[in-house]
Each structure stands twice: as structure tokens, then as C-alpha cells.
*Asks:* 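Structure incoming, see below.
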Amino acid sequence: MSPVQPLADRLLATFGPDAVDAAPPAPGEEPLPRVAPDSEEGCAEVLALARADGLAVVPCGRGSKLGWAGPAARADLLLSTRRLAGVVAHEPADGTLAARAGTPLADVRAAAASGGHRLTPDVPGADAATLGGVLAAGQSGADRLRHGPARHHVLGMRVLLADGAVARSGGRLVKNVTGYDMHRLYAGSHGALCVILEAALRLFPAPERDAVVEARFPDRAAALAAARAVLDGPARPVSVLVEAGGDPGDARVAVHLAGVAAAVDVERNAVQAALGDAEVLLDDAARARAEALREAELEGGRWPDAHVLARPSALDGALAILDDVLGTGAALRVQPGLAAVDARLGPANADALLRERGAELRARLADR
């Protein structure tokens with residue numbers, strides 16, 4: 001009998017077949033029992049069982065980002081919050097929303113839109129991602145260029161600590177000065193500090209106008225130079241993306257603008273001046289294109305093999321390392337304003353080669 005089978009049987013007897021399955025704690029590892037209680041009391045019961053038996057618990061949502069952090073030193077059981085779902089408070093007049101951790105991010109996004117707001121982070125794969133999972137993984141979308149990291153917009157959290165206690169940090173109001181901002185520490189902690197039960201977020205007014213300005217360039221260097229000219233100009237883009245690789249001459253810059261219509265029109269003219277011969281999409285067409293650019297990160301339903309981060313001043317050096325390891329024809333998605341690069345690694349030893357050269361990597365491929 002598998003050593004995890006007795007544990008799985010106990011979980012089945014306590015929580016029922018709808019709550020228990022198996023999943024790997026990280027890509028490529030052996031599956032472990034995964035339990036998804038439908039109540040906060042059930043989550044606390046799982047932690048009590050783990051404490052009694054000396055088990056190591058890995059919290060998760062739907063498990064799409066379990067490989068984003070380093071492997072746990074030990075893992076015996078996965079605790080999923082995917083069944084703790086639903087919006088619990090929404091104040092459109094205040095621009096705030098609170099939801100349970102297992103709420104699909106697409107549902108949170110739709111609730112925000114119903115009140116005339118836009119949600120950050122604007123991440124790909126929102127149907128398969130949960131609010132708690134996105135916050136615990138510290139995930140940001142390309143809109144981080146405009147809005148900053150997601151943790152800056154978390155107003156408060158309710159979390160479950162290892163001893164079974166429920167702790168609160170912050171609240172559901174924008175003007176909240178109660179206690180320490182522990183919720184900003186929990187965001188990006190990958191479940192190492194707590195199990196997120198609920199989070200309250202600050203929302204942004206839905207823009208009057210969206211615009212996407214795109215231009216093609218003969219090579220990546222020219223595209224990056226144009227993108228940096230945009231970033232140095234008067235516009236405040238939601239995102240600036242450079243895609244390069246593959247065929248020669250196949251480098252592209254895409255700039256997403258959003259806000260008050262008159263301001264976006266002025267910014268669009270500035271971006272066009274920086275990019276030269278460019279295609280402009282407005283409003284519905286621009287929103288559809290921005291969504292397509294966002295979802296392209298999940299090419300074929302899989303994350304990029306690596307998300308490489310650098311200081312802005314070291315971005316060119318990081319790109320040179322990637323070229324050295326992957327070849328100059330490798331397809332890369334570069335966000336120069338964030339000094340971030342998404343890469344499809346290709347060579348089996350690319351991870352090791354990049355680490356040898358001092359690159360900071362976050363593996364994100366589900367089947368690695």
C-alpha cells in the first residue's frame with residue numbers, strides 16, 4: 001500500500017469524495033493527497049489533523065502555480081481553498097471588493113466590472129486561477145507597470161495560521177490604519193506563512209477609452225529602443241510589451257493605454273511619435289487585443305519555462321545571457337518597464353546554465 005493511502009482514506013472518511021483527490025506538490029513530484037474543504041472550519045480541521053500527526057501541509061488554490069517557488073523541504077498533504085468561493089462584499093461607490101480565497105479570478109474581475117471598475121492584477125488564465133492563489137504567488141499582470149504589484153492593492157485579509165487560529169489584517173476600507181499591514185507580507189509568501197481565506201481589494205475606475213498601439217521593427221534592439229522611448233515619454237501606459245525571436249525582422253512593440261478619453265488620445269499621439277509607423281486600435285478592438293496579448297503568456301495552455309527578472313539597468317545583460325544560452329533566435333517576451341523576460345527554454349540544461357550565470361529564475365511550466 002502507498003504510504004499516502006492511509007492518509008487519503010482518513011481524509012475521504014472525514015470530508016467525502018468531492019473534497020479529496022491527489023496532486024503533486026510541485027511539477028514532476030509524486031502526487032500527494034489533496035483535500036478541499038467547503039468551509040473555514042474544515043480547513044482548520046485539516047490543520048489540526050496535520051499537527052496531531054506531524055504532517056507538513058502545502059496550501060494551494062487550484063494548483064496552477066505550485067511550481068513557482070522552490071520545492072518544499074517536506075510535503076505530506078495539499079490543502080486547497082478552491083471550494084471557499086464567492087464575493088462577500090462589494091462597494092462600487094468606494095471602489096472596494098472582498099472575496100473568499102477560492103473565488104476564480106475571472107469571477108472577481110466580472111464583479112468589479114459590474115460596478116464600473118477594473119481589477120488589478122490583470123493576469124492570464126483567470127478562469128483557472130483563484131484570488132488566494134494569485135495573491136499567495138505574488139502574481140502580477142503586465143498592468144503592474146501602471147498600478148504596481150498586487151500587494152499594494154490588498155486592503156486586508158483573513159487568514160488561517162498553522163495553529164488553527166484565524167487572523168485578520170487590515171480591513172475592507174481604503175482608509176484603514178488598524179494594526180500592521182501583515183497582508184502585504186502574506187502576499188507572495190506561497191503559503192509558507194498562512195492559508196489565505198479572504199482578501200479585500202482596491203479597484204480602479206473602468207477607463208473611458210482603451211487604445212493599443214503596435215509597431216514592427218527589424219530586430220529586438222530597435223524594438224527595445226522604441227519601447228524605452230515610449231517609457232521615457234509623457235504617456236503612462238498600462239503595459240509595454242516587446243515580443244522578439246523566431247524569424248528575422250519579427251520584433252514587435254505593443255503599448256496599451258487606458259483612461260479618460262481625451263488623455264488617452266494625447267498619449268496615443270506621443271506613443272505613435274515614439275514608435276513611428278504604427279497600427280492603432282481603439283475601444284472594443286483595443287480591449288480585445290490587450291486581452292489577446294495578456295493570454296499569450298499562457299501559450300498552448302502552459303506557462304513560459306522561466307520568468308527572468310533583472311534590475312532595469314541590467315536588462316540588456318540578462319538578455320545577453322539568454323541569447324548565449326538559448327540562441328539569438330529564441331522567442332522572448334520582454335517587459336522593459338518591469339525588467340522582466342518570459343522565455344521558452346528549449347535546451348534541457350538551460351535552467352542550470354542560466355543559474356550559473358546569476359539569473360534569477362521562476363520555473364512556471366506545469367509539466368517540468
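Here, residue 1 is the first one in the sequence, and each next residue gets the next number. The shown structure was predicted, so the numbers you read here are calculated from the model rather than taken from an experiment.
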*Asks:* So do the side chains of L319 and L224 get within less than 4.5 Å of each other, counting heavy atoms only?
*Replies:*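 They are in side-chain contact.
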
*Asks:* Using the salt bridge (charged side-chain N to carboxylate O under 4.0 Å, His left out) rule, take R10 and D53 through it: C-alpha gap first, then chi angles, then the decisive distance, then the call.
*Replies:* CA-CA 12 Å; R10 291 172 61 193; D53 290 0; 2.4 Å; yes

*Asks:* Can you see which heavy atom on P33 is nearest to which on L77, and at what distance?
*Replies:*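 For P33 and L77, the tightest heavy-atom pair comes out as O-CD1, 3.4 Å.
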
*Asks:* Check residues 268-281 and write down every donor-acceptor pair under 3.5 Å in which the side-chain atom is one partner and the other belongs to a residue at least two apart or another chain.
*Replies:*
residue: R268; atom: NH1; partner: D265; partner atom: OD1; Å: 3.3
residue: N269; atom: ND2; partner: D265; partner atom: O; Å: 3.4

*Asks:* Give every donor-acceptor pair under 3.5 Å between a side-chain atom in residues 104-119 and any protein atom, sequence neighbours left out.
*Replies:*
residue: R109; atom: NH2; partner: D122; partner atom: OD1; Å: 3.2
residue: R109; atom: NH2; partner: V123; partner atom: O; Å: 3.0
residue: S114; atom: OG; partner: A111; partner atom: O; Å: 2.6
residue: H117; atom: ND1; partner: G115; partner atom: O; Å: 3.1
residue: R118; atom: NH1; partner: D210; partner atom: OD2; Å: 3.1
residue: R118; atom: NH2; partner: D210; partner atom: OD1; Å: 3.2

*Asks:* What are the two closest non-hydrogen atoms of P149 and S140, and how far apart are they?
*Replies:*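 Closest pair (atom of P149, atom of S140, distance): CA-OG, 3.6 Å.
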
*Asks:* For E40, which residues count as a salt bridge (charged side-chain N to carboxylate O under 4.0 Å, His left out) partner, sequence neighbours excluded?
*Replies:*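 So E40 forms a salt bridge (charged side-chain N to carboxylate O under 4.0 Å, His left out) with R158.
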
*Asks:* If you look at every heavy atom in A150 and P121, which pair is closest and at what distance?
*Replies:*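 So the minimum-distance heavy-atom pair works out to CB-CD, 3.7 Å.
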
*Asks:* Using a 4.5 Å cut-off on heavy atoms from C-beta on, say whether the side chain of P37 contacts that of L79.
*Replies:*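 Contact flag for L79/P37 side chains = yes.
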
*Asks:* Using every non-hydrogen atom in the two residues, find where P336 and L315 come nearest and quote the distance to one decimal.
*Replies:*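 For P336 and L315, the tightest heavy-atom pair comes out as CA-CD2, 3.9 Å.
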
*Asks:* Which residues satisfy the salt bridge (charged side-chain N to carboxylate O under 4.0 Å, His left out) test with R51, sequence neighbours excluded?
*Replies:*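 So R51 forms no salt bridge (charged side-chain N to carboxylate O under 4.0 Å, His left out) with any residue.
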
*Asks:* Determine, stepwise, if the pair W68 / Q139 fulfils side chain to side chain contact (heavy atoms under 4.5 Å, CB included).
*Replies:* CA-CA 10 Å; W68 282 28; Q139 185 179 12; 3.8 Å; yes

*Asks:* Can you list every salt bridge (Lys or Arg N to Asp or Glu O under 4.0 Å) pair that touches residues 56-75, not counting sequence neighbours?
*Replies:*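 Of all non-adjacent pairs touching residues 56-75, those that pass salt bridge (Lys or Arg N to Asp or Glu O under 4.0 Å) are R74-D76.
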
*Asks:* Could you tell me whether the side chain of D219 and the main chain of A221 form a donor-acceptor pair under 3.5 Å?
*Replies:*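 Yes; at least one donor-acceptor contact below 3.5 Å.
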
*Asks:* Does R228 pair with D316 as a salt bridge, N-O distance under 4.0 Å?
*Replies:*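 Between D316 and R228 there is a salt bridge, with a charged N closer than 4.0 Å to a carboxylate O.
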
*Asks:* Give the intermediate values and the outcome of salt bridge (charged side-chain N to carboxylate O under 4.0 Å, His left out) for residues E214 and R252.
*Replies:* CA-CA 7 Å; E214 288 191 76; R252 177 176 61 191; 3.5 Å; yes

*Asks:* Would you confirm whether T103, through its side chain, and A99, through its main-chain N or O, come within 3.5 Å as a donor-acceptor pair?
*Replies:*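 It does not hold such a pair.
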
*Asks:* Are R172 and E198 within salt-bridge range, i.e. N to O under 4.0 Å?
*Replies:*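 Between E198 and R172 there is a salt bridge, with a charged N closer than 4.0 Å to a carboxylate O.
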
*Asks:* Does the salt bridge (charged side-chain N to carboxylate O under 4.0 Å, His left out) test come out yes or no for R333 and E243, once each step is laid out?
*Replies:* CA-CA 5 Å; R333 287 168 54 92; E243 292 183 312; 2.7 Å; yes

*Asks:* Would a 4.5 Å heavy-atom cut-off, applied to side chains only, mark Y186 and L135 as touching?
*Replies:*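 No. Closest side-chain heavy atoms not under 4.5 Å.
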
*Asks:* Counting C-beta onward and ignoring hydrogens, is there a side-chain heavy-atom pair between L332 and V308 closer than 4.5 Å?
*Replies:*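 No. Closest side-chain heavy atoms not under 4.5 Å.
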
*Asks:* When hydrophobic residues are tied together by side-chain contacts of less than 4.5 Å, even through go-betweens, does L97 share a cluster with V88?
*Replies:*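 L97 does not cluster with V88.
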
*Asks:* Among residues at least two apart in sequence or on other chains, which ones pass side chain to side chain contact (heavy atoms under 4.5 Å, CB included) with A128?
*Replies:*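 A128 satisfies side chain to side chain contact (heavy atoms under 4.5 Å, CB included) with no other residue.
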
*Asks:* State, without any angle test, whether T120 and D143 hold a side-chain donor-acceptor pair at a distance under 3.5 Å.
*Replies:*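 D143 and T120 do have a side-chain donor-acceptor pair below 3.5 Å.
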
*Asks:* Examine L298 and L241 and state if one hydrophobic cluster contains both, with Ile, Leu, Val, Met, Phe, Trp and Tyr joined whenever side-chain heavy atoms are less than 4.5 Å apart.
*Replies:*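 Looking at the clustering, L241 is in a separate group from L298.
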
*Asks:* Starting from the C-alpha separation in whole Å, work towards a yes-or-no answer on side chain to side chain contact (heavy atoms under 4.5 Å, CB included) for L160 and C194.
*Replies:* CA-CA 6 Å; L160 185 64; C194 64; over 6 Å; no

*Asks:* For D284, give me all partners under salt bridge (charged side-chain N to carboxylate O under 4.0 Å, His left out), at least two apart in sequence or on another chain.
*Replies:*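 With neighbours one apart ignored, the set is R287.
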
*Asks:* Tell me the side chain to side chain donor-acceptor pair (under 3.5 Å) pairs involving residues 145-157, sequence neighbours left out?
*Replies:*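 For residues 145-157: H153-R202.
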
*Asks:* Should R184 and V154 count as side-chain neighbours, where that means a heavy-atom distance under 4.5 Å?
*Replies:*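 No - every pair of side-chain heavy atoms lies 4.5 Å or more apart.
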
*Asks:* May I ask you to decide if P304's main-chain N or O and E297's side chain share a donor-acceptor pair within less than 3.5 Å?
*Replies:*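 Flag not set: sc E297 to bb P304 has no pair under 3.5 Å.
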
*Asks:* Who passes salt bridge (charged side-chain N to carboxylate O under 4.0 Å, His left out) against E299, sequence neighbours left out?
*Replies:*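 Testing E299 for salt bridge (charged side-chain N to carboxylate O under 4.0 Å, His left out), a comparison that skips the adjacent residues, returns R344.
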
*Asks:* How close do R209 and A261 get, heavy atom to heavy atom, and via which atoms?
*Replies:*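 Looking at all heavy atoms of both residues, the closest pair is CB-CA, 3.8 Å.
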
*Asks:* With sequence neighbours left out, which residue pairs that include part of residues 79-96 fulfil the side chain to side chain donor-acceptor pair (under 3.5 Å) condition?
*Replies:*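 Qualifying pairs, neighbours excluded: none.
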
*Asks:* For the residue pair S169 and D181, what are the closest heavy atoms and their distance?
*Replies:*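 Between these two residues, the closest heavy atoms are OG-C, 3.8 Å.
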
*Asks:* When clusters are formed from ILVMFWY side-chain contacts under 4.5 Å, directly or step by step, what else is grouped with V238?
*Replies:*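 Taking Ile, Leu, Val, Met, Phe, Trp and Tyr as members, V238 stands alone, with no cluster partners.
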
*Asks:* Side-chain contact, heavy-atom cut-off 4.5 Å: V57 with L47?
*Replies:*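 Yes, side chains in contact.
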
*Asks:* Tell me who clusters with L66, hydrophobic residues only, linked when side chains sit under 4.5 Å apart either directly or through other members.
*Replies:*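 Once heavy-atom contacts under 4.5 Å are chained together, L66 belongs with V58, L78.
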
